[in-house]
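Atoms within each ligand, like the ligands themselves, are counted from 1 in listed order. Along the sequence shown, residues are numbered consecutively beginning with 1.
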Amino acid sequence: MKDLNRLKALTPGVVYLAQKTFLFFLTAIGVRVVQQLVLCRFLAVGSFSLAQTLYWTIISRVFYVILQVKIRELWNKWDAASKGARILPVVKGRRIGNLDIMKKVGDMLEKGYPGDFLDEIEADLGRIFNTRGLWEDLIFTSSPDYIKRILATEFDNFVKGELFQETMYSVLGVGVFNADGEMWKFHRRLTRPFFTREKITHFDLFDRHAELAIQKLKNRLLAGHSVDFQDLMGRFTLDASTDFLFGTCTDTLQDDLPYAYSHLGNQSTTTQTRSSRFLEAFVDAQFLVANRGNLSSYWPLLEIFKDKTAQPMQVVRDFLDPIVVKALDRNKKQSLNDPRNSKEGQDIGDNDTLLDYLVKVTNGAILFVEVARYPIVIRDEILNMMIAGRDTTAGTLTFIMHFLCLYPDVWSRLREEVLHKVGMSRKPTVEDVREMRYLRAVINETLRLYPVVPYDVRASIKATVWPSDDPTQPPVYIPSKAPIIYSVFMMHRRKDLWGPDAEEFDPERWLDERVRKYLTESVHIFAVQCWSENLLGSTGA
Ligand SMILES: *[C@@H]1O[C@H](CO)[C@@H](O)[C@H](O)[C@H]1NC(C)=O
Ligand SMILES: *[C@@H]1O[C@H](CO)[C@@H](O)[C@H](O)[C@H]1NC(C)=O
Ligand SMILES: *[C@@H]1O[C@H](CO)[C@@H](O)[C@H](O)[C@H]1NC(C)=O
Ligand SMILES: *[C@@H]1O[C@H](CO)[C@@H](O)[C@H](O)[C@H]1NC(C)=O
């Protein structure tokens, strides 16, 4: 499959069409054989023209698809009944194949507010349902119990799946976020030792970049301009994460910050530096690959002649490849100077970056991948870490600022706590952060209303049966190979789980009696999925 994926990366559409054409051709041969040999020879029904063959080929393809859908439906019904479970409620759309429902979900994702339209369906059908667009299963849920099953207790039965991997391949490559099963475990074993506490709390490094970001912000504000805070956080997190992960900083904060679109001096003053080109390409590629998602398995049809992500990914890889090569060289020199290194190279040095570490552990003995490809494995791995670590942090920091601007009381209380605990000039320590309860309440409350992964999808491998959310109902049947979209975003805003004020921003809820009332009983109503957790926790988290 990997090789097919590499081919697809060149021209996804042609490969897709070739596969379909091949199937069609096979069917045509079958039809022809039946027509010429069986009907014509043995039954002497007369001969058939090619047009007739074509006609019957189309009919058989359509019939085959319908038959497949029907057989699967019947099988699921039977299997569910034999397990004492019920089939999931299916959304009833007005159009054939629930096309109107698919369009509504697409519109919601594009123009609406997350969950807008799904709320209505939930009110009608309950916290788990099947949209069955184009007769394919697509299950939605916002139930903490089911989310816990997908991410923890039944982790091995829920994978990203082939469709996901195929869609993401041109950007995520062979990195951890595009891996399932054994491969995922391999990645986890590979990177896990690096993310020890000390590494994650390398405050000095983050502080350096934060200082610069604040400086830039101040200068611009003092000059009387507004600042795009999201852009600023995007730069800060990119610089910090590249510095942290591979010891080479992208320096996007060194560039001029963009001006507001209405600002007079905005015309073409900013020259594109290498780092801002990288930033742009990096964001573009992620956006393009996200867009593929709403076309499901048909996405290659929009990329017939070229892989749309190829160009931005080239920029990204041109940036990363030399960094990886340099790290490999450095390591080679080191082990030449000190032969002990190559044997005991598995130790993590105090100042080692993830890149250094990966180079060390993969030095010589590489599992699973051929030696020639291991620079690619390393590059994809650090790229995956970057995508995951950066976006989530930049998003959360931006949302926190958004809330602090909307709620001046929260702002002043938070400021008081920080000044009281850390003061004006000192750097915070791990202990400080642990003791700043209000700060952590503000962060939790922000992550509740804007979780870093609002929606995500997994696909079941085997069919399974889950207890019903509604205790008066029989358990629900989850078919095999069915994609399930689970929404932490919607779960975090449920009034039945969080109380009547669930949609309000109120950090107090993490400190007052509401903790006991709602959270202590059922900790799974709050799902923090951070990148390190995807790596470290997941099973049993
Ligand atoms: C600022 O830039 C935007 C696009 O980048 C442009 O549409 C707008 O007209 C510019 N404003 C001025 C005042 O030049
Ligand atoms: C897919 O979704 C994106 C938003 O993520 C939207 O911009 C795009 O138009 C959608 N494409 C199709 C074909 O619906
Ligand atoms: C790590 O870096 C710090 C500060 O840059 C330095 O003082 C220390 O000696 C370095 N440690 C090692 C093992 O190189
Ligand atoms: C924030 O949420 C975590 C659970 O992820 C919890 O352990 C922690 O106590 C919460 N912090 C506060 C201040 O409530």
Can you name the residues that form a ring pair (Phe, Tyr, Trp, His ring centres under 6.0 Å) with F526, not counting sequence neighbours?
-> H492, W510

If you measure from the Lys or Arg side-chain nitrogens to the Asp or Glu carboxylate oxygens, is any gap between K83 and D79 under 4.0 Å?
-> yes

Near ligand 4, which protein residues have a heavy atom under 4.0 Å away?
-> R437, R440, A441, N444, W510, F526, V528

Qualifying salt bridge (Lys or Arg N to Asp or Glu O under 4.0 Å) pairs with a residue from residues 442-454, counting only residues at least two apart or across chains = E445-R448, E445-R509

If the plane angle is over 60° it's perpendicular, under 30° parallel, otherwise tilted; pick one for F403 and Y407.
-> tilted

Distance only, no hydrogens: is a donor on one side chain within 3.5 Å (strictly under) of an acceptor on the other, for S142 and R493?
-> no

Hey, could you give me each pair passing salt bridge (Lys or Arg N to Asp or Glu O under 4.0 Å) that has a residue in residues 464-481? Not counting sequence neighbours.
-> none

